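A quick note: this is a predicted structure, and the numbers were derived from the prediction, not measured. Ligands are counted one by one from 1 in listed order, and the atoms in each one are counted from 1 as well. By convention here, the first residue in the shown sequence is residue 1.
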Amino acid sequence: MKKTLLITGGAGFIGSHVVRLFVNKYPEYRIINLDALTYAGNLENLKDIQDSPNYTFEKADITDANRINELFAQYSFDGVIHLAAESHVDRSIIDPNAFISTNVMGTANLLNAARTTWKDNMEGKRFYHVSTDEVYGSLGEEGFFLETTPYDPQSPYSASKAASDHLVRAYGNTYHMPFVITNCSNNYGPNHFPEKLIPLFINNICTNKPLPVYGDGKYTRDWLYVIDHARAIDMVFHGGRDGETYNIGGFNEWQNIELVKLLCKTMDEKLGREPGTSEKLIAYIKDRPGHDRRYAIDATKINKELGWYPSVTFEEGLSKTIDWYLENEEWLNHVTSGDYKKYYDTQYTHR
Ligand code: NAD
Ligand code: TYD
């Protein structure tokens, strides 16, 4: 069936994998990638599909309501997959307002435009909001986040994402907007901006810089390979039930310090370094304020309803990810020049 889909944030890490999957898998769909190209957005991520006949890029900011309304009027989108966001917890601690503006107001602008465009016929329309497990807050040593876990966001980032999730559900309830929401755990993989743990540490190992582990290093995350997240988004977009939430996770918990040691060992092997060389770079530093102790997802619902399960093990995914960074030095050099240095100094050097 012909459809025109809006994917927001498609030049970012996860968005670029979603855009690629949809453009290649659904030649009958017209895919419009809307992205403001902030520091995190990079069209180099999409070089392989940029000339595809079913793909169009629109540089636009979701906080600009007029422009968003114009684009909805121009394209009459049948569906939205909304990924555009400010996404890094540490940056949200430095500048919360950017998060409130993009994640809350930006989402409201998209919902308003969709509501206006679809008001006479919601049949076959879908607003898919891509969210995070961080909205549920922090777990102790036991238990998992379920779709029914009460929201308890602890950082400006997670609070802004929680607010946007609430808005989407409110539009569903009040205006009968057909929606789905997914809350996913930490992603890793190719094209990940080197401010998040895994790509930052890969870059620092390559350049022999310290590996800044926050606090005692015993914080725990559930890691998922980004292509498995994109597969889940495809399945939920096409098969998820209206008004439902699905948690997505990797069934793969790691304490940060254990993950960093595995990364060091694997990189020593790949770089032909003496075993133990990269581990010497580990440097414990002052903790992140309000640091969530543990995230862990129970992804039974999406598994049972839609048959989704991660397709790669963590060891395979991590190995593929490291290989990608080693083979794409130019990409890494590009994104770590300019403003990145300023951010790095503020976050780590003057800590
Ligand atoms: P990212 O920071 O790599 O990419 C975000 C993209 O959004 C960038 O291309 C950026 O240019 C664009 N963007 C930012 N502000 C914008 C604005 N005002 N208007 C238009 N575009 C704008 O983020 P990501 O890691 O790919 O995350 C994508 C989505 O998935 C986010 O909504 C995030 O909350 C969610 N999520 C991320 C993870 C993760 O581990 N990275 C896990 C679960 C959920
Ligand atoms: P991050 O990749 O920023 O994702 P999130 O905070 O959204 O989970 O961080 C993952 C974990 O790694 C988190 O517990 C914070 C920790 N961390 C460090 O120890 N050092 C770092 O330099 C970074 C960026 C993260």
Side-chain angles (χ1 to χ4, degrees), residues 7-19 33-43 45-46 58-64 67-68 81-93 98-99 101-103 105-107 109-110 129-135 138 155 157-158 160-161 164-165 182-189 191-201 204 210-224 226 229-230 233 247-250 254-257 259-260 282-288 291-295 297 335 344 347-348 351:
I7 301 183
T8 71
F13 166 48
I14 302 170
S16 60
H17 290 281
V18 174
V19 166
N33 171 16
L34 182 164
D35 198 295
L37 300 181
T38 68
Y39 78 92
N42 185 352
L43 289 177
N45 295 347
L46 291 165
E58 289 284 355
K59 185 172 187 307
D61 192 321
I62 59 169
T63 64
D64 179 350
R67 177 97 162 93
I68 296 304
I81 304 180
H82 175 36
L83 295 109
E86 288 291 340
S87 69
H88 188 35
V89 173
D90 290 326
R91 286 186 192 255
S92 83
I93 295 167
F99 287 70
S101 178
T102 287
N103 299 359
M105 283 311 299
T107 302
N109 289 337
L110 290 165
H129 182 57
V130 176
S131 192
T132 166
D133 60 353
E134 304 193 24
V135 299
S138 181
S155 73
Y157 163 64
S158 54
S160 68
K161 290 296 291 186
S164 63
D165 293 14
T182 49
N183 295 84
C184 187
S185 64
N186 287 61
N187 286 213
Y188 70 97
N191 307 97
H192 205 181
F193 192 82
E195 62 185 356
K196 309 274 171 70
L197 182 74
I198 291 181
L200 179 84
F201 280 34
N204 285 13
L211 305 178
V213 173
Y214 297 160
D216 65 2
K218 292 188 177 156
Y219 293 84
T220 300
R221 299 292 184 261
D222 170 358
W223 294 93
L224 177 68
V226 63
H229 188 188
I233 290 175
N247 282 353
I248 306 170
W254 286 80
Q255 274 192 355
N256 292 342
I257 190 63
L259 187 162
V260 170
I282 292 174
Y284 287 92
I285 65 165
K286 194 171 148 209
D287 212 345
R288 171 188 281 174
H291 198 168
D292 287 337
R293 193 63 172 168
R294 176 172 164 256
Y295 303 143
I297 281 277
V335 302
Y344 199 90
Q347 181 60 22
Y348 297 103
R351 207 176 165 90

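By the 3.5 Å distance cut-off applied to N or O atoms, His229 is not counted among the residues near ligand 1. In terms of N/O distances under 3.5 Å, ligand 1 is not approached by Ser131. Considering backbone and side-chain atoms together, Ala84 places no N or O closer than 3.5 Å to any N or O of ligand 1. Among the atoms of Thr132, none of the N or O lies under 3.5 angstrom from an N or O of ligand 1. Checked against a 3.5 angstrom limit, the closest N/O atoms of Thr38 and ligand 1 fall inside it. Looking at ligand 1, you'll find an N or O of Lys161 within less than 3.5 Å of one of its N or O atoms.
The backbone N or O of Gly10 lies less than 3.5 Å from a partner atom in the side chain of Asn33, making a donor-acceptor pair. The backbone N or O of Asn247 sits nowhere less than 3.5 Å from a side-chain atom of Asn183 that would complete a donor-acceptor pair. Judged by distance alone, the side chain of Thr102 and the main-chain N or O of Phe99 form no donor-acceptor pair under 3.5 Å. With hydrogens and angles disregarded, no donor-acceptor distance shorter than 3.5 Å links the side chain of Asn45 to the backbone of Ser16. Counting only distance, with no hydrogens or angles, the side chain of Thr8 and the backbone of Leu83 share a donor-acceptor pair below 3.5 Å. At least one donor-acceptor pair under 3.5 Å links the side chain of Asn109 to the backbone N or O of Ile62. No donor-acceptor pair under 3.5 Å is formed between the side chain of Lys218 and the backbone N or O of Arg293. Listed for the Asp35 side chain is no donor-acceptor partner under 3.5 Å among the backbone atoms of Ala84.
The single protein non-hydrogen atom nearest to atom 9 (O) of ligand 1 is Asp35 OD2, 2.6 Å, given as residue, atom name and distance. The closest protein non-hydrogen atom to atom 18 (N) of ligand 1 is Asp61 OD1, 2.8 Å. Nearest to atom 31 (C) of ligand 1 among the protein's heavy atoms is Leu83 O, 3.2 Å. Looking only at protein heavy atoms, the nearest one to atom 22 (O) of ligand 2 is Tyr348 OH, 2.6 Å. The protein non-hydrogen atom at the shortest distance from atom 6 (O) of ligand 2 is Arg288 NH1, 2.5 Å. Protein heavy atom in closest approach to atom 1 (P) of ligand 1: Ser87 OG, 3.5 Å. At the shortest separation from atom 40 (O) of ligand 1 among protein heavy atoms lies Asn187 N, 2.8 Å.
Between Tyr295 and Glu134, the side chains place a donor N or O and an acceptor N or O closer than 3.5 Å (distance only, hydrogens not considered). Side chains of Asn204 and Tyr348: a donor-acceptor N/O pair is absent below 3.5 angstrom, by distance only. There is a side-chain donor-acceptor pair under 3.5 Å between Tyr39 and Arg91.
Contacts between Tyr214 and ligand 2 below 4.0 angstrom, taking non-hydrogen atoms only, involve backbone and side chain alike. Using a 4.0 Å cut-off between heavy atoms, Leu37 contacts ligand 1 through its backbone alone, with no side-chain atom that close. Under 4.0 angstrom from ligand 1, there are no non-hydrogen atoms of Tyr295. Residue contacts with ligand 2, taken as heavy atom pairs separated by less than 4.0 Å, involve Tyr295 solely via side-chain atoms from C-beta onward. The proximity of Asn186 to ligand 2, defined as any non-hydrogen pair under 4.0 Å, is limited to the side chain. Looking at Ser185 against ligand 1, only its backbone comes within 4.0 Å, counting heavy atoms. Under 4.0 angstrom from ligand 2, there are no non-hydrogen atoms of Thr132. Looking at Leu197 against ligand 2, both its backbone and its side chain come within 4.0 Å, counting heavy atoms.
Of all atoms in ligand 2, numbered sequentially from 1 with element shown, those under 4.0 Å from a heavy atom of Leu200 are 22 (O). Within the listing of ligand 2, atoms 24 (C) sit less than 4.0 angstrom from a heavy atom of Glu195. Every atom of ligand 2 is numbered from 1 in the order shown, and the set under 4.0 Å from a heavy atom of Val89 is 6 (O), 7 (O). Numbered from 1 in the order shown, with element, the atoms of ligand 2 that lie under 4.0 Å from a heavy atom of Pro212 read 18 (C), 19 (O), 20 (N), 21 (C), 22 (O). The ligand atoms of ligand 2 that sit less than 4.0 angstrom from a heavy atom of Glu134 are 5 (P), 7 (O), 8 (O). Close approach of ligand 2 to Asn256 (heavy-atom distance below 4.0 Å) involves ligand atoms 11 (C), 12 (O), 13 (C), 14 (O), 16 (C). In the vicinity of Val213, heavy-atom distances shorter than 4.0 Å reach the ligand 2 atoms 19 (O). For ligand 2, the atoms sitting less than 4.0 Å from at least one non-hydrogen atom of His291 are 13 (C), 14 (O), 15 (C), numbered in the order shown with element in parentheses.
Distances from ligand 2 to the non-hydrogen atoms of Gln347 include no value under 4.0 Å. Residue contacts with ligand 2 do not include Tyr157, since none of its heavy atoms lies under 4.0 Å from the ligand.
Here the closest non-hydrogen pair linking Gly250 and Asp222 is N-OD1, 2.9 Å.
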Can Trp254 and Trp223 be said to form a side chain to side chain contact (heavy atoms under 4.5 Å, CB included), step by step? CA-CA 8 Å; Trp254 286 80; Trp223 294 93; 4.2 Å; yes
Test side chain to side chain contact (heavy atoms under 4.5 Å, CB included) applied to His192 and Val226, step by step: CA-CA 9 Å; His192 205 181; Val226 63; over 6 Å; no
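When the options Asp287, Asp292, Ile257 are evaluated for a side-chain contact (heavy atoms from CB on, under 4.5 Å) with Tyr219, the one that passes is Asp287.
Contact of the Arg288 side chain with the Asp90 side chain is registered, since non-hydrogen atoms from C-beta on lie closer than 4.5 Å.
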